[in-house]
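Throughout, protein chains are lettered first and strands after them, A, B, ... in sequence-line order, and every chain is numbered starting at 1. What you are looking at is a predicted structure, and each value in this text was computed from that prediction instead of being measured.
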Amino acid sequence: MYNLNTKRAQVEEGGKIEWVSGSFGSHVSYLYPMSILRGKGSRMEFTGITFAGKGQNLDTGAKVVHAAPDTSSYMNTRSISKDGGVSTFRSSVVVTKEAKGTKAAVSCQSLMLDSISRSDTIPAMDIRTKDANVGHEAQIGSISDEAVFYLMSRGMSEEDARACIVSGFADNVSKELPLEYAVEMNNLIRLEMKGSIG
Amino acid sequence: MEQRKEIKINSLPAKTWKWLRLNETAVAVTEQSLPCSLSAEEKQANGSAVLNIQAKKPGEKTAFDQVETGAGREADLFFTEGTGAVSCSGGQKEEQKTVRLAAHGSKDDAQQAGELLVEAKKNTELTVIEQLAGEGEKGTLAFRTRILAEEGSAVKLIQLCRPGCEQVLVNDIGGQLAKDAQLSVVQIFLGEGNTYSGIRSELIGENAHLDAKIGYLLKKKQMLDMNLIANHIGKKTTCDITAEGTMKDAAKKVFRGTIDFKKGASGSKGAETEEVLLLGDNVINQTIPLILCAEEDVEGSHGATIGELDEETLFYLETRGIDREKAENLMARASIEKLCHEIDDEETRGLVLTELAKQLSEEIEED
């Protein structure tokens, strides 16, 4: 299945748009909700998690345009790649000259579960006013052997330890999801992590 | 009238949305470059020697042709037949070998080019100090530095770029690093003209390391377009990229920074940080830091802070009797002065500080 998706929001004065996105299922995804903050004091928040498994190419992220004063945006994402899956985080933060007093923050973390998968981070920022505060942080890494060893020394199997670490990695995002989706997501991670050892 | 052709340089290794206009940059190039004014001197404990300049011959092939650079293959069009090249090599560690090079354009609206080829043999060390472009120059100056660093070698490249207000500087660097080789780049962008700068390093051998520290002060309608690429190919390779600078008036800056962990680069680590101080009402700051990863056992990170001087720092300085303008100049100066600690050569350090003081219209403080 191909998930080629366009979502756009225009946010007026004092308004807030909140995107919560979980990308797990499709074969190929291109999904980047866009928010245009055109009213004074408008806000945007994007929370996303992507789990790219075998045969999947999930290219996800968000776009935001700060076009009014005192606007703010926050993007927080987690990506997991496994079994040859490809996950790409792609974003853009545009701050126009009019958007004085803008605050924007982007945080993206990626976890690689094996060496046949791929994880890319492509965030762009275009700032056109001095009166803005924009921060960005990105991290990419794998499950630490020490953490797995610690959990195994407490009686967990290696498979459970790895699943527990992946669930913990996704926790910041999953707690933003509605309960039924969060339960589904945790089940999915457990299922995906089954048989991941050896 | 010479025909001008548009080429694309500083391309991102992984593209993003076209409407952001960050994927690459277009520059104009004419069919033939003239040799730039080039002088180079080699210094070591037992004396100094002037290095020869060799004109590029038709169809000439060298080992350096395989070295990819940050600006990309299309930038090869600047380095036509007849442009000058200087070659140098590393020395034994105790020799403390230094190559000092100056490349300048002309007062005419011409396209000029030059090149430095650095061959660091096994376990040798070399410091290269380059001064590119200068006040009052016009036209386009393209300068390329290509480095082949063999096992255990260490190359330190210090660049001071000062394009004239009507000049375009294309500063292109490429390096191939073998096992345990190190490349350390210190770049300072002052001057008044526009600069396109590319650095590409192929970390091929195990434990190869790239360290890049960049500082800039941009004013008026000045533009700085950067493309840094660190390709981690060998195991346990590391890179550390830092870019810090100040933008005033209507300056424009593009920073592309890519850490690419290729398959097989297990145990590699890469980090890049960027800090931009925005001081002008019409500044344009574009940043795109990429982390591309095809290997599990790696660690990559990126952090960027973009904005004006924070109120707490400003308040602290104001309580000490320093007004806003002085405080801003102080911070702008600090980001460049920090890099001066990386420059061992006193003469170059002095030159950087003098140029910086001139740019900030300040008196140099007597020590």
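Only the side chain of A:Y32 comes within contact range of chain B, with heavy atoms under 4.5 Å apart. Proximity to chain B (any heavy atom under 4.5 Å) is shown, for A:V106, by neither the backbone nor the side chain. Interface remark: B:K269 contributes no atoms to any contact with chain A (heavy atom separation under 4.5 Å). In this structure, the portion of A:S91 lying under 4.5 Å from any heavy atom of chain B is its backbone and not its side chain. With a 4.5 angstrom heavy-atom cutoff, A:A132 touches chain B only via backbone atoms. With a 4.5 angstrom heavy-atom cutoff, B:F255 does not touch chain A via any of its atoms. When heavy atoms are compared at a cutoff of 4.5 Å, A:T129 approaches chain B solely by way of its backbone atoms N, CA, C and O.
The structure places CZ of A:R90 at 8.5 Å from CD1 of B:I288, a figure rounded to the nearest 0.5 Å. Interatomic distance, CG of A:N133 versus CG of B:D310, reported as 8.0 Å (0.5 Å rounding).
Annotation: A:D145, atom CG; neighbour count of heavy atoms from other residues, nucleotides and ligands within 6.0 Å does not exceed 12. When the shell of 6.0 Å around CD of A:E180 is examined, it contains more than 12 heavy atoms from other residues, nucleotides or ligands. Shown here is A:K103, whose NZ atom has no more than 12 heavy atoms of other residues, nucleotides or ligands within 6.0 Å. Remark: B:K213 NZ is packed, more than 12 non-hydrogen atoms of other residues, nucleotides or ligands lying under 6.0 Å away. Atom CZ of B:R73 has more than 12 heavy atoms from other residues, nucleotides or ligands within 6.0 Å. Residue B:K221 qualifies as open at atom NZ: its count of foreign heavy atoms under 6.0 Å is 12 or below.
Residue B:P289 comes nearest to A:P123 through the heavy atom pair O-CD, 2.9 Å, listed as atom of the first residue, atom of the second, then distance. For the residue pair B:K15 and A:I122, the shortest heavy atom distance occurs at O-CD1, 4.2 Å. Taking both residues in full, the closest heavy atoms of A:R128 and B:I284 are given as NH1-CD1, 3.5 Å, listed atom of the first, atom of the second, then distance. Considering every non-hydrogen atom in both B:L20 and A:A124, the closest pair reads CD1-CB, 3.7 Å. Residues A:A62 and B:W17 come closest through the heavy atom pair O-CH2, 4.4 Å.
Contact count versus chain B (heavy atoms, under 4.5 Å) is highest, among A:V93, A:T88, A:I127, A:V94, for A:I127. The candidate with the highest count of non-hydrogen atom pairs below 4.5 Å against chain A, out of B:G264, B:G270, B:G280, B:A271, is B:G280. Listed options A:R118, A:H136, A:E137, A:Q139 were ranked by heavy-atom pairs under 4.5 angstrom with chain B; first place goes to A:H136.
Listed by sequence position, B:L290, B:I291, B:L292, B:C293, B:A294, B:E295, B:E296, B:D297, B:V298, B:E299, B:G300, B:S301, B:H302, B:G303, B:A304, B:T305, B:I306, B:G307 are the residues of residues 290-307 of chain B in contact with chain A, using a 4.5 angstrom heavy-atom cutoff.
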**Asked** Between A:M112 and B:F261, is a side-chain contact (heavy atoms from CB on, under 4.5 Å) present by the stated rule, with each step listed?
**Response** CA-CA 12 Å; A:M112 290 277 288; B:F261 296 108; over 6 Å; no

**Message:** With side-chain contact (heavy atoms from CB on, under 4.5 Å) as the criterion, how do A:I116 and B:K263 come out once you've worked through the C-alpha distance, each side chain's angles and the decisive distance to 0.1 Å?
**Reply:** CA-CA 8 Å; A:I116 54 168; B:K263 199 169 167 60; 4.1 Å; yes

